[in-house]
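Written below as structure tokens is the structure these notes are about.
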Number of protein chains: 2
Amino acid sequence: MRRKITLKQIARELDVSISTVSKALKDSPEISEDTKQKIQAFAKLYNYRPNNIALSLKNRKTNTIGIIIPEIVHHFFSKVIRGVELVANQRGYNVIIGLSNESFSKEVINMEMLANGSIDGFIISISKETQQLQDYHHFNETMNQGMPIVMFDRVVSDINCDKVVVNDFNGAKRAVEKLIENKCENIALITTKDYVSVGKLRTQGYLDALQDHNITPEADLILKMGDTPDYEENLEILESEIEQLFKTNPKIDGVFAVNELYALYAMKVARKLGLDVPNNVQVIGFTDGVLSKHATPSLTTVSQHAQQMGEKAAHLLIDKLESENTDIEEQFQTVIITTDLVERESTK
Amino acid sequence: MRRKITLKQIARELDVSISTVSKALKDSPEISEDTKQKIQAFAKLYNYRPNNIALSLKNRKTNTIGIIIPEIVHHFFSKVIRGVELVANQRGYNVIIGLSNESFSKEVINMEMLANGSIDGFIISISKETQQLQDYHHFNETMNQGMPIVMFDRVVSDINCDKVVVNDFNGAKRAVEKLIENKCENIALITTKDYVSVGKLRTQGYLDALQDHNITPEADLILKMGDTPDYEENLEILESEIEQLFKTNPKIDGVFAVNELYALYAMKVARKLGLDVPNNVQVIGFTDGVLSKHATPSLTTVSQHAQQMGEKAAHLLIDKLESENTDIEEQFQTVIITTDLVERESTK
DNA sequence: ATGTATTACGAAAACGTTATAGTGTTAAAA
DNA sequence: TTTTAACACTATAACGTTTTCGTAATACAT
């Protein structure tokens with residue numbers, strides 16, 4: 001078990017200076033062909049690779065990007081990571097992950113842990129708790145130190161940085177319009193509390209679609225769920241609330257849900273109540289995950305193109321990292337990824 | 001936008017030496033109280049944090065572990081990552097991810113990219129292609145350089161390293177026994193080609209359970225699927241093959257599938273053919289993912305405790321990293337995580 | 001007055017690189 | 001013969017730490 005070989009060791013072994021070895025391995029014209037060949041052969045034999053950490057220190061550049069997300073066991077976020085990793089690798093970067101677990105303090109700690117030189121920049125989707133507390137000092141501090149941030153999906157408008165978002169409003173609106181086109185007359189909405197920015201935007205899309213078609217929204221048809229991590233008891237609450245919704249409003253013939261779990265449970269409840277999807281009730285969800293795809297009937301959803309979001313975020317970040325840092329031109333862009341309505345069996 | 005402050009800058013500013021600053025910040029008794037207070041106050045004001053990269057270089061220790069997995073958009077793997085990240089963070093480590101995407105070369109490249117000083121050790125689940133090619137040189141080389149590896153789930157028995165595996169054989173056997181207890185007499189198996197180690201082991205568990213109960217396995221009841229990434233066309237093939245299986249064997253009253261997707265499609269097909277789950281056919285899958293949990297009826301599955309696997313793997317690795325490297329005592333352990341049968345609606 | 005501790009700091013090396021600026025030798029040009 | 005240029009290297013600084021060793025200055029004991 002020999003340690004990795006270094007320039008110094010090669011130099012000592014071949015009785016030349018470290019500089020000579022370094023240059024020889026870079027095929028510098030300063031070094032004679034003979035010496036170069038000797039050194040290169042030796043380096044190859046011992047499988048020399050420059051030490052990344054030393055390079056990072058020297059160049060003040062780690063070629064690593066940090067991604068902070070609320071949760072990894074989540075189809076959407078893991079797809080984003082895949083996109084980030086793909087682009088990062090293509091462009092010679094590594095990806096280091098930090099999970100906030102929807103907690104503000106873990107988000108802060110994780111960022112501090114990485115901001116001390118470990119990475120060149122961040123890609124972030126903020127935690128629910130951060131959204132609630134609206135405490136964004138850690139983002140500002142990070143950026144003040146010259147470390148760029150790209151936010152995606154759950155962004156904060158007060159912070160000036162590059163962003164990649166999905167058009168939640170439009171996506172939701174389009175989905176509801178689809179239900180209207182399909183002759184639904186009483187469309188329920190299953191959404192989250194308003195502090196979740198995306199939930200709020202999707203709710204607005206729902207309302208706007210109704211308004212455009214001169215349908216007056218009914219408060220009764222709108223169900224706002226509290227925080228719903230995927231625990232058994234919460235699922236039961238979810239199910240019973242939806243059941244309540246259906247029972248008090250038997251006229252419901254369409255449901256738009258702001259995520260796929262809600263949509264799935266809407267279908268579950270409908271079936272339980274003897275309603276056929278899509279003949280009696282049509283359902284559309286948000287987020288194109290596995291559940292929607294493999295459900296029976298499969299769910300029509302608004303696809304967010306998570307991987308594409310990740311790719312775009314990575315490109316934005318790396319572009320910024322590699323641009324000649326002319327400081328003054330601090331111009332940030334917000335890229336909007338358009339959603340697609342993926343029609344499946346839960347709509348006609 | 002000021003860069004992060006360094007010891008040198010503090011030293012220059014306060015007109016002391018770098019060593020003094022360093023010691024003062026470490027509360028060394030060598031430094032007078034006065035000076036310490038002055039320096040600490042200054043450092044706090046400018047939010048000084050030691051540069052991680054410099055520390056890594058000095059200590060030849062990055063406090064970062066690399067995790068290489070075939071795919072991240074996968075419930076099992078993302079849960080493992082969550083476990084790894086949890087433990088790593090607790091113990092002061094960061095996690096950097098590499099995706100092999102089931103490709104041998106990407107696995108090798110990713111490992112090489114990280115092995116050059118970026119990380120202290122690896123946690124790996126090998127790609128399908130690597131399993132097929134049986135080329136393990138990159139593992140050996142990495143370990144020869146003194147970098148420890150912990151393998152999980154898809155391990156290779158020829159390599160001497162710490163491992164965390166699930167008892168695939170027992171888990172499968174237990175599942176099939178459950179079906180037998182529940183009076184199933186013609187139990188079908190939906191599995192993968194044999195080169196996938198876990199598929200093979202689960203198949204053996206199936207066979208062993210039958211044998212124990214004096215049931216002669218019928219080749220007709222065993223369906224071996226080729227590689228099935230989650231693409232539309234493959235799903236169709238999957239569905240039609242399963243349909244074929246049911247049609248040629250109408251006596252089937254139980255199905256054991258080596259993953260949840262197969263199990264889900266078995267239920268789909270059964271319903272399509274007018275069979276009720278669990279009354280006519282009982283189904284058990286492997287891997288406790290979202291699909292099983294939210295399917296209708298929900299799927300009885302063999303839970304692998306993915307997060308626990310990740311946690312254990314991280315502990316094993318970090319223990320090794322932090323043990324006094326007495327080289328000689330190269331003792332490796334294989335931790336076996338026991339599976340649980342999670343009973344849901346797809347069995348009686 | 002001399003020797004010895006103690007206090008409070010600073011210098012320097014080391015981790016592994018790369019890049020800049022020398023340096024000695026030889027060959028060609030003046 | 002002297003100057004200049006080319007060649008083939010080497011020395012050194014720097015990236016930001018930590019740590020070992022060294023050293024002034026003061027205090028104390030002899």
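Each chain gets a letter, A, B and so on, in the order the sequences are listed, and its residues count up from 1. Side chains included, hydrogens not; waters and symmetry mates left out as well; all remaining heavy atoms used.
- Looking at A:S17 and A:T20, their side chains do bring a donor and an acceptor atom within 3.5 Å of each other.
- Of the possible donor and acceptor atoms, none in the side chain of A:N94 sits under 3.5 Å from a partner among the backbone N and O of A:I65.
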Check: residues 310-317 of chain B side-chain donor-acceptor pairs under 3.5 Å, at least two apart:
unit_1: B:E311; atom_1: OE2; unit_2: B:Q307; atom_2: NE2; d: 3.2
unit_1: B:H315; atom_1: ND1; unit_2: B:R91; atom_2: NH1; d: 2.9

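- Rounded to whole Å, the distance from CG on A:L55 to P on D:dC15 is 16 Å.
- In the 5' to 3' direction, nucleotides of DNA chain C lying under 4.0 Å from heavy atoms of chain B begin and end at C:dA8 to C:dG16.
- For the residue pair A:S32 and A:T35, a side-chain donor N or O sits within less than 3.5 Å of a side-chain acceptor on the partner.
- Rounded to whole Å, atom P of D:dT20 lies 13 Å from atom NZ of B:K26.
- Side-chain contact annotation: A:D153 with A:S125, donor-acceptor N/O pair under 3.5 Å absent.
- Among the atoms of the strands shown, base atoms are found under 4.0 Å from some heavy atom of B:L7.
- Going from atom CG of B:L25 over to atom P of D:dT19 covers 13 Å, rounded to whole Å.
- Side-chain contact, A:N52 with B:S118: a donor N or O sits under 3.5 Å from an acceptor N or O.
- Looking at every heavy atom in both residues, B:S56 comes nearest to A:I53 through CB-CG2, 3.8 Å.
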Please assess B:K4 against A:Q145 for the test side chain to side chain contact (heavy atoms under 4.5 Å, CB included), listing each intermediate value before the final yes or no. CA-CA 6 Å; B:K4 287 214 67 112; A:Q145 281 167 170; 3.2 Å; yes
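- Put simply, A:R60 has no side-chain N or O that comes within less than 4.0 Å of OP1 or OP2 on D:dA14.
- Residue pairs meeting the ring pair (Phe, Tyr, Trp, His ring centres under 6.0 Å) criterion with at least one member in residues 120-166 of chain A, sequence neighbours excluded: A:F104-A:H138.
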Could you go through nucleotides 8-13 of chain D and list every protein N or O atom that sits under 3.5 Å from one of its N or O atoms, giving the distance for each pair?
unit_1: D:dC9; atom_1: OP1; unit_2: A:T35; atom_2: OG1; d: 3.2
unit_1: D:dC9; atom_1: OP2; unit_2: A:S32; atom_2: N; d: 3.0
unit_1: D:dC9; atom_1: OP2; unit_2: A:S32; atom_2: OG; d: 2.4
unit_1: D:dC9; atom_1: OP2; unit_2: A:T35; atom_2: OG1; d: 2.8
unit_1: D:dC9; atom_1: N4; unit_2: A:E30; atom_2: OE1; d: 2.4
unit_1: D:dT10; atom_1: OP2; unit_2: A:S17; atom_2: N; d: 2.9
unit_1: D:dT10; atom_1: OP2; unit_2: A:S17; atom_2: OG; d: 2.9
unit_1: D:dT10; atom_1: OP2; unit_2: A:T20; atom_2: OG1; d: 2.1
unit_1: D:dT10; atom_1: O4; unit_2: A:K23; atom_2: NZ; d: 2.6
unit_1: D:dA11; atom_1: N7; unit_2: A:S19; atom_2: OG; d: 3.0
unit_1: D:dA11; atom_1: N6; unit_2: A:S19; atom_2: OG; d: 3.2

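- A donor atom on one side chain and an acceptor atom on the other are not found under 3.5 Å apart for A:S127 and A:E102.
- Direction change of the helix axis from one end of the helix from C:dA1-D:dT30 to C:dA30-D:dT1 to the other is 90°, with five pairs defining each end axis (rounded to 10°).
- Base engagement by B:S22 is indicated by at least one non-hydrogen atom pair under 4.0 Å involving a base atom.
- Applying the ring pair (Phe, Tyr, Trp, His ring centres under 6.0 Å) test to every pair with at least one member in residues 70-94 of chain B, sequence neighbours left out, gives these pairs: B:H74-B:F77.
- When rounded to the nearest whole Å, the span between OH of B:Y48 and C1' of D:dG16 equals 7 Å.
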